[in-house]
Amino acid sequence: MTAQPPESSPRRVPSGELRASHDDREAVVEQLRDAAAEGRIDLDELDSRLEQALTSKTYGELALVTADLPKPPPSAAENLPPLVLKGGMYGASRGPGRWEVPGHVIAHAGVGGVSLDFTRVECRLAEVVVEAYGETSGVTIVIPDSWAADTTGLAPGFGGLKDRTTPDRLPGTPLIRLTGSGGMAGVVIRHPGKRERRKLAGNSSRD
């Protein structure tokens with residue numbers, strides 16, 4: 001029997017070669033427009049750089065477009081520490097009222113479970129990482145219809161993942177990047193149900 005050569009490990013892609021998203025390009029476009037408004041670049045240069053930004057395919061190509069411009073200051077939300085919720089024996093939740101969303105949320109379901117409801121929040125972050133562990137009772141995440149989720153980073157575990165969201169994301173809204181593990185009870189991510197929509201409509205009319 002012929003010995004098989006050992007499989008080579010996959011090549012680690014340098015960060016500059018990673019593919020840029022539409023949101024990444026749009027963020028650079030906004031930075032360029034701000035730079036023009038501040039007098040850092042003229043209109044001809046703005047047009048040239050906008051074309052470069054919109055046709056860039058990687059982070060490295062995008063970085064070249066703004067290499068000589070100061071970085072925009074981080075938003076207050078970007079400076080917030082991770083939010084950690086532990087279900088423990090009695091459960092834990094955040095929402096459905098208004099709450100300040102950090103860039104990283106960690107949810108351990110424990111025995112009581114964890115519920116995260118983003119439907120009433122105002123969030124200007126391009127991306128929010130939700131690290132969910134279904135454990136014994138599961139994690140439920142509710143996001144607005146205008147938001148979208150990337151669930152490819154979550155290991156389904158025994159309990160699995162139920163993704164009931166749609167890919168219809170409006171510009172300027174966050175992407176929920178789901179990581180972690182389904183554990184025994186699983187993780188659910190969805191948009192509001194009929195009853196929740198009626199409550200949202202009622203709350204909006206009173207605002």
Those residues that, when tested against His108, pass ring-ring contact (aromatic ring centres under 6.0 Å, His included) (two or more places apart):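 Expected list: Tyr133.
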Residue pairs involving residues 134-145 (criterion salt bridge (Lys or Arg N to Asp or Glu O under 4.0 Å); sequence neighbours excluded):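 Matches after skipping sequence neighbours: Asp145-Arg197.
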Pairs meeting criterion side-chain hydrogen bond (donor to acceptor under 3.5 Å, both in side chains) with involvement of residues 172-183, two or more places apart: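 Applying side-chain hydrogen bond (donor to acceptor under 3.5 Å, both in side chains) to every pair that reaches into residues 172-183, excluding sequence neighbours, yields Glu127-Arg177, Asp150-Arg177.
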Validation: residues 81-95 side-chain donor-acceptor distances under 3.5 Å, sequence neighbours left out:
none

SB check Glu45 Arg49 (cutoff 4.0 Å):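 Result for this pair is yes, salt bridge flagged.
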Set of residues satisfying salt bridge (Lys or Arg N to Asp or Glu O under 4.0 Å) with respect to [X], sequence neighbours excluded:
| X | answer |
| --- | --- |
| Glu26 | none |
| Arg124 | none |
| Arg169 | Asp23 |
| Arg164 | none |

Remaining members of [X]'s ILVMFWY cluster at a side-chain heavy-atom cut-off under 4.5 Å?
| X | value |
| --- | --- |
| Val129 | none |
| Met184 | Phe158 |
| Leu50 | Val28, Val29, Leu32, Ile41, Leu43, Leu46, Leu54, Leu62, Val65, Leu69 |

Could you go through residues 185-195 and list every donor-acceptor pair under 3.5 Å that involves a side-chain atom there, pairing it with any protein atom two or more places apart or in another chain?
| residue | atom | partner | partner atom | Å |
| --- | --- | --- | --- | --- |
| Arg190 | NH1 | Glu196 | OE1 | 2.8 |
| Arg190 | NH2 | Glu196 | OE2 | 3.1 |
| His191 | ND1 | Ile143 | O | 3.2 |
| His191 | ND1 | Pro144 | O | 3.0 |
| His191 | NE2 | Thr166 | N | 3.0 |
| His191 | NE2 | Thr166 | OG1 | 3.4 |

